[in-house]
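Residue numbers start at 1 and run along the sequence shown.
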Amino acid sequence: MKFKKYIVAAAIVVAAAVVTVEAAQVYSWVDEKGVTHYSQQPPRENNNAQFSMIDTVFSPSELRTIQEIKEQKKRIAEQKAKQKDQEVIRGCQDLHNEKIRYYRRKIEDTYIANLNKCDLSVQNLRPSQARAKKEKCYADALKAKMIDVNQLPTEDDCVQK
């Protein structure tokens with residue numbers, strides 16, 4: 001029995017809230033003559049009229065506060081999007097730099113392997129012949145290394161243009 005009273009009371013409160021909110025709806029539109037109209041009903045005579053609903057549930061100061069909160073949320077969302085873009089660019093730059101370091105290591109490994117080949121190629125030669133051939137081989141290895149280093153990409157693909 002008490003439970004039914006609570007249900008009836010809740011239904012009355014909900015109905016009153018709906019009536020209050022519906023009564024608070026005001027429509028605003030400007031007619032062909034430039035006159036602004038206000039009504040609880042949207043314009044009927046001109047279906048093409050641009051109208052807006054005015055919220056009368058809140059006071060003007062509350063509406064300003066709500067608008068400020070909406071603007072602040074928009075600014076925060078824009079800041080987050082910008083920060084995310086910067087993080088993506090930073091991550092891309094890190095990958096780019098890691099790729100360059102990897103290529104540099106490979107070039108250095110190749111250079112050392114070529115120096116070792118130079119050393120092995122002169123093992124059975126006389127010292128005077130070995131020195132001249134070794135120096136030329138070292139110079140060729142260094143030249144090949146420098147060509148490879150100069151071919152490394154320098155422009156960062158991550159920078160937005």
With clusters built from Ile, Leu, Val, Met, Phe, Trp and Tyr whose side-chain heavy atoms come within less than 4.5 Å, directly or transitively, what are the remaining members of the cluster of L125, listed by chain and number? V122
Is N124 atom CG crowded by more than 12 heavy atoms from other residues, nucleotides or ligands, each under 6.0 Å away? no
What about M146 and Y111, same hydrophobic cluster or not, with Ile/Leu/Val/Met/Phe/Trp/Tyr joined at side-chain heavy-atom distances under 4.5 Å? yes
Answer yes or no: are there more than 12 heavy-atom neighbours, outside R101 itself, under 6.0 Å from its atom CZ? yes
Set out, in order, the CA-CA distance, both residues' side-chain angles and the distance that settles side chain to side chain contact (heavy atoms under 4.5 Å, CB included) for Q67 and E71, then state yes or no. CA-CA 6 Å; Q67 185 61 32; E71 290 170 2; 3.4 Å; yes
Distance, nearest 0.5 Å, that separates CD1 of I107 from CD1 of I147: 11.0 Å
Closest non-hydrogen contact found for L115 with Y138 is CD2-CD1, 3.3 Å
Quick one: SG on C137 to CG on N114, what's the gap to the nearest 0.5 Å? 7.0 Å
Rounded to the nearest 0.5 Å, how far does CG of D140 lie from NZ of K136? 4.0 Å
Measure the SG-CG distance between C92 and N97 for me, rounded to the nearest 0.5 Å. 9.5 Å
Who pairs with R105 by salt bridge (Lys or Arg N to Asp or Glu O under 4.0 Å), at least two apart in sequence or on another chain? E98
Co-membership, hydrophobic cluster, residues Y102 and L152, 4.5 Å side-chain: yes
Assess the residue pair K82 and E78 against the criterion (side chain to side chain contact (heavy atoms under 4.5 Å, CB included)); give the C-alpha distance rounded to whole Å, side-chain angles, the decisive distance to 0.1 Å, and a yes or no. CA-CA 6 Å; K82 186 177 180 182; E78 289 170 354; over 6 Å; no
May I ask you to say whether D94 pairs ionically with R90, meaning some side-chain N is under 4.0 Å from a carboxylate O? no
Separation of Q86 CD from Q79 CD (nearest 0.5 Å): 10.5 Å
Would you give the length of the straight line joining atom CZ of R131 to atom CZ of R126, rounded to the nearest 0.5 angstrom? 12.0 Å
How about OH on Y103, more than 12 heavy atoms from neighbouring residues, nucleotides or ligands closer than 6.0 Å, or not? no
